[in-house]
Number of protein chains: 2
Amino acid sequence: MIVGMTTGTATRPRTPRGQGRARLLAAAGDLFAEQGVSGTSLQSIADRLGVTKAAVYHQFASKDEIVIAVAEPVIDRLRAIADAATSGSAEQKRAVVVEGLVDLALAERGTAAILRRDPTMAQLLDSHAPYLEQIARINALLLGPNPSAEQRIALAFAGGGIMALGALPGLDGPPEDVRAGLVAAMTRALTIERDPS
Amino acid sequence: MIVGMTTGTATRPRTPRGQGRARLLAAAGDLFAEQGVSGTSLQSIADRLGVTKAAVYHQFASKDEIVIAVAEPVIDRLRAIADAATSGSAEQKRAVVVEGLVDLALAERGTAAILRRDPTMAQLLDSHAPYLEQIARINALLLGPNPSAEQRIALAFAGGGIMALGALPGLDGPPEDVRAGLVAAMTRALTIERDPS
DNA sequence: GTCTATAGGGAGATAGAC
DNA sequence: GTCTATCTCCCTATAGAC
């Protein structure tokens with residue numbers, strides 16, 4: 001789909017196989033999660049990799065570029081989640097999305113949480129169309145057709161909760177149980193019972 | 001290059017009884033919420049107040065002191081919430097806490113969210129006994145006696161959700177409806193139905 | 001209480017050698 | 001791809017005048 005290797009690579013500052021790039025992004029993501037984006041200097045990223053700042057600037061033109069690149073895999077997963085919810089009833093689609101978001105939050109706890117928690121990241125993503133697009137798709141799937149105000153409020157609550165899994169108590173135990181518990185909690189939060197009138 | 005209005009009006013004539021301090025903390029809290037703690041310089045706080053950095057240092061010895069001072073009113077409210085849940089059944093206590101947290105999140109949306117979202121703030125509070133104490137009380141009240149693993153997981157989800165109310169859709173509308181919707185959503189998330197065996 | 005001035009260091013970013 | 005060296009700017013914090 002999105003491959004740009006057809007043209008010549010004479011002076012392109014990209015790592016062949018992109019291994020140095022991946023290593024850098026992993027280190028940056030960890031540091032962003034620990035100290036926030038603003039609290040993380042390029043020097044500290046370079047230190048963790050055992051190189052100098054100039055080596056970092058060889059792969060990324062600016063700090064903002066690193067921040068966006070860290071967010072990209074998460075955005076890709078959001079897109080995959082929305083893509084997976086194409087068939088079935090509104091309830092079935094919602095179940096697929098809820099499970100996908102829980103898996104995402106658990107797989108990249110820390111890194112995934114940055115997207116919603118970090119102010120710098122949030123400001124950058126606010127003008128990053130690919131992110132906004134996937135969030136809109138996810139929200140639409142979770143809300144279903146003709147959402148009520150109450151449903152929108154429940155979404156605001158649940159959307160924050162799933163990504164804010166930090167150093168909170170109770171996330172130990174068998175991964176399957178944790179996953180099932182989170183899916184159940186988020187589903188409950190989003191499920192508004194009809195008033196039997 | 002000093003830029004600004006030197007009109008010398010009566011807008012800020014004198015500061016009786018720590019009013020300057022309160023003004024400073026309000027400005028700092030707003031900026032922390034917008035840009036994060038690390039992303040906010042003492043210069044920008046001073047700019048918003050129309051004074052110089054030195055004037056800020058006259059009231060607080062360090063930036064960390066400001067950060068803690070911004071958190072203190074929120075910690076006080078957490079303490080008040082726990083204090084208010086002293087009588088009644090476990091369910092009644094939990095209802096009081098849920099409503100208190102929703103009111104807190106709505107009253108200081110932005111500022112209250114910093115406590116859970118900002119990495120710098122989190123690191124400072126991690127060794128701030130008063131904060132840890134109130135969080136422990138709140139968690140105990142929400143979990144009730146003999147909490148199951150499932151309940152702990154639901155708490156991790158709900159605790160993050162209530163404080164992470166950011167620029168999400170659906171938080172417009174009558175304040176009473178928003179409050180009721182959030183209370184209902186958080187209560188649902190925390191309510192695990194007994195297995196009818 | 002507020003100011004000017006400055007110390008001392010770290011930030012992001014660039015140039016050019018190897 | 002990585003380095004050394006350097007630029008410029010901003011940061012926290014302090015000293016001392018008014």
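Here is how names work: the chains are called A, B, and so on, in the same order as the sequence lines, proteins then strands, and each is numbered from 1. The figures here come from the full heavy-atom set of this structure, side chains too, leaving out hydrogens, waters and symmetry mates.
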Salt bridge or not for A:Glu72 and A:Arg21, using N-O below 4.0 Å?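 Salt bridge between A:Glu72 and A:Arg21, a charged N being under 4.0 Å from a carboxylate O: no.
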
Taking B:Lys53 for its side chain and B:Ser41 for its backbone only, find out whether a donor-acceptor pair lies under 3.5 Å. no

Taking the side chain from B:Gln123 and the backbone from B:Thr120, do they hold a donor-acceptor pair closer than 3.5 Å? no

Residue that, paired with B:Leu182, satisfies side chain to side chain contact (heavy atoms under 4.5 Å, CB included) out of B:Thr187, B:Leu101, B:Val102: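 Single side chain to side chain contact (heavy atoms under 4.5 Å, CB included) partner of B:Leu182 among B:Thr187, B:Leu101, B:Val102: B:Val102.
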
Go along nucleotides 2-18 of chain D 5' to 3' and tag each nucleotide: B for a protein heavy atom under 4.0 Å from its base, S when only backbone or sugar atoms are that close, - otherwise. BBB------SBBBB---

In whole Å, what is the span from the CZ atom of B:Phe60 to the C1' atom of C:dG1? 14 Å

Holding to side chain to side chain donor-acceptor pair (under 3.5 Å), I want the full list of residues that pass it with B:Arg79, two or more places apart in sequence or in another chain. B:Asp76

